[in-house]
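Below is one structure, written out as structure tokens, with a few remarks after it.
Residue indices begin at 1 and follow the sequence shown.
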Amino acid sequence: MLVRDAMSTVVLTIGPDHTLRQAAALMSARRIGAAVVLNPDNSGLGILTERDILNSVGLGQSPDAERAHAHTTTDVVFATPSWTLEEAAQAMAHGGFRHLIVLDHGEPIGIVSVRDIIRCWAPLRQHAPA
């Protein structure tokens, strides 16, 4: 099975100046755990996850004052739609993260998460011979 079969095509893109509260509200409304942060000044893509927001709040920082760019991971591993789910899972395990931005010709077209991979693998494992 390939990343294109498992990924969510609901890609929330935010700017680096969104507050963490704004990012959290948008992520919550879409029931997603990560947002792509697009910085038009340097044409870079980053990712802001629910864990990034939680860590900031846990440190006592204000979600109304903190900006996405201060909490964005910019050293991102990207997947392609043609990666296998095994390749995606290996990249996540090796890097210690739970979301991969999926790029097609340099454009974000989806996000694949550990949850997406489990959702695809679980039915296959149930039908496997014991």
Side-chain angles (χ1 to χ4, degrees):
M1 190 168 278
L2 302 178
V3 165
R4 75 170 49 92
D5 303 318
M7 71 182 191
S8 169
T9 57
V10 176
V11 179
L12 172 62
T13 303
I14 63 172
D17 289 327
H18 275 78
T19 67
L20 293 187
R21 184 175 307 279
Q22 290 169 325
L26 292 167
M27 291 163 62
S28 178
R30 289 166 179 78
R31 301 180 48 84
I32 57 176
V36 174
V37 180
L38 176 59
N39 190 339
D41 293 336
N42 68 8
S43 300
L45 289 178
I47 191 165
L48 179 73
T49 67
E50 57 201 355
R51 182 177 294 168
D52 298 324
I53 296 169
L54 181 66
N55 287 340
S56 175
V57 171
L59 290 172
Q61 297 172 335
S62 169
D64 294 312
E66 291 296 311
R67 303 293 173 178
H69 67 82
H71 302 278
T72 298
T73 300
T74 56
D75 184 20
V76 180
V77 175
F78 299 102
T80 68
S82 60
W83 275 20
T84 65
L85 293 185
E86 288 82 6
E87 289 172 304
Q90 284 179 334
M92 290 177 187
H94 179 58
F97 45 81
R98 299 177 296 159
H99 299 87
L100 282 169
I101 299 172
V102 183
L103 295 182
D104 191 19
H105 302 338
E107 295 296 319
I109 62 163
I111 292 184
V112 65
S113 69
V114 170
R115 182 179 296 173
D116 296 326
I117 293 171
I118 291 170
R119 186 186 71 241
C120 290
W121 280 351
L124 297 175
R125 303 294 186 244
Q126 290 175 356
H127 300 304

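- Note that the CG atom of Asp5 and the CG atom of Asp116 stand 11.5 Å from one another [nearest 0.5 Å].
- Side chain of Arg119 to main chain of Ala6: a donor-acceptor pair is present (N/O by atom type, distance under 3.5 Å, no hydrogens or angles).
- The two residues Leu48 and Val37 have their closest heavy-atom pair at CB-CG2, 3.8 Å.
- Grouping the Ile, Leu, Val, Met, Phe, Trp and Tyr side chains by contacts below 4.5 angstrom, directly or via other members, places Trp83 with Leu85.
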N/O donor to acceptor pairs below 3.5 angstrom from side-chain atoms of residues 50-64, sequence neighbours left out:
residue	atom	partner	partner atom	Å
Asp52	OD2	Thr49	N	2.8
Asp52	OD2	Thr49	OG1	3.2
Asn55	ND2	Arg51	O	3.4
Ser56	OG	Gln61	OE1	2.6
Ser62	OG	Asp64	N	3.2
Ser62	OG	Ala65	N	3.4
Asp64	OD1	Arg21	NE	2.5
Asp64	OD2	Arg21	NE	3.3
Asp64	OD2	Arg21	NH2	3.2

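- Phe97 and Ala91 make their closest contact through CZ-O, 3.4 Å (heavy atoms, listed as atom of the first residue, atom of the second, distance).
- Interatomic distance, CG of Asp17 versus CG of Asn39, reported as 8.5 Å (0.5 Å rounding).
- Not counting sequence neighbours, the partners of Leu103 by the side-chain contact (heavy atoms from CB on, under 4.5 Å) test are Leu45, Phe78, Ile101, Pro108.
- Cluster membership for Ile118 and Ile32, using ILVMFWY side-chain heavy atoms within less than 4.5 angstrom, is not shared.
- Taking hydrophobic clusters as Ile, Leu, Val, Met, Phe, Trp and Tyr residues chained together by side-chain heavy-atom distances below 4.5 Å, Val10 shares a cluster with Ile14.
- When every heavy atom of Cys120 is checked against every heavy atom of Met1, the shortest pair comes out as CB-SD, 3.4 Å.
- Of all heavy-atom pairs between Ala89 and Trp121, the closest is CB-CH2, 3.8 Å.
- A distance-only check finds no donor-acceptor pair linking the side chain of Thr73 to the backbone of Val76 [under 3.5 Å].
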Next item on the list: For side chain to side chain contact (heavy atoms under 4.5 Å, CB included), just list the numbers for Arg67 and Thr19, CA-CA rounded to whole Å, side-chain angles, deciding distance to a tenth of an Å, and then say yes or no.
Entry: CA-CA 4 Å; Arg67 303 293 173 178; Thr19 67; 3.0 Å; yes
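- Side-chain heavy atoms closer than 4.5 Å link hydrophobic residues (I, L, V, M, F, W, Y) into clusters, and following such links, possibly through other members, connects Met7 to Val77.
- Listed by chain and number, the residues in a side-chain contact (heavy atoms from CB on, under 4.5 Å) with Asp104 are Pro81, Ile109 (sequence neighbours excluded).
- Linking ILVMFWY residues whenever their side-chain heavy atoms come closer than 4.5 Å, directly or via other members, leaves Leu38 and Leu20 in distinct clusters.
- Residue-environment remark: CZ (Arg115) stays at or below the threshold of 12 foreign heavy atoms within 6.0 Å.
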Next item on the list: Applying side chain to side chain contact (heavy atoms under 4.5 Å, CB included), run through Ser113 and His99 and close with a yes or a no.
Entry: CA-CA 4 Å; Ser113 69; His99 299 87; 3.8 Å; yes
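- Without hydrogens or angle criteria, Thr72 side chain to Ala68 main chain gives a donor-acceptor distance under 3.5 Å.
- Here the closest heavy-atom approach between residue Ser82 and residue Leu2 is recorded as O-CD2, 3.5 Å.
- Contact between Val114 and Met92 at its shortest, heavy atoms only, is CG2-SD, 3.5 Å.
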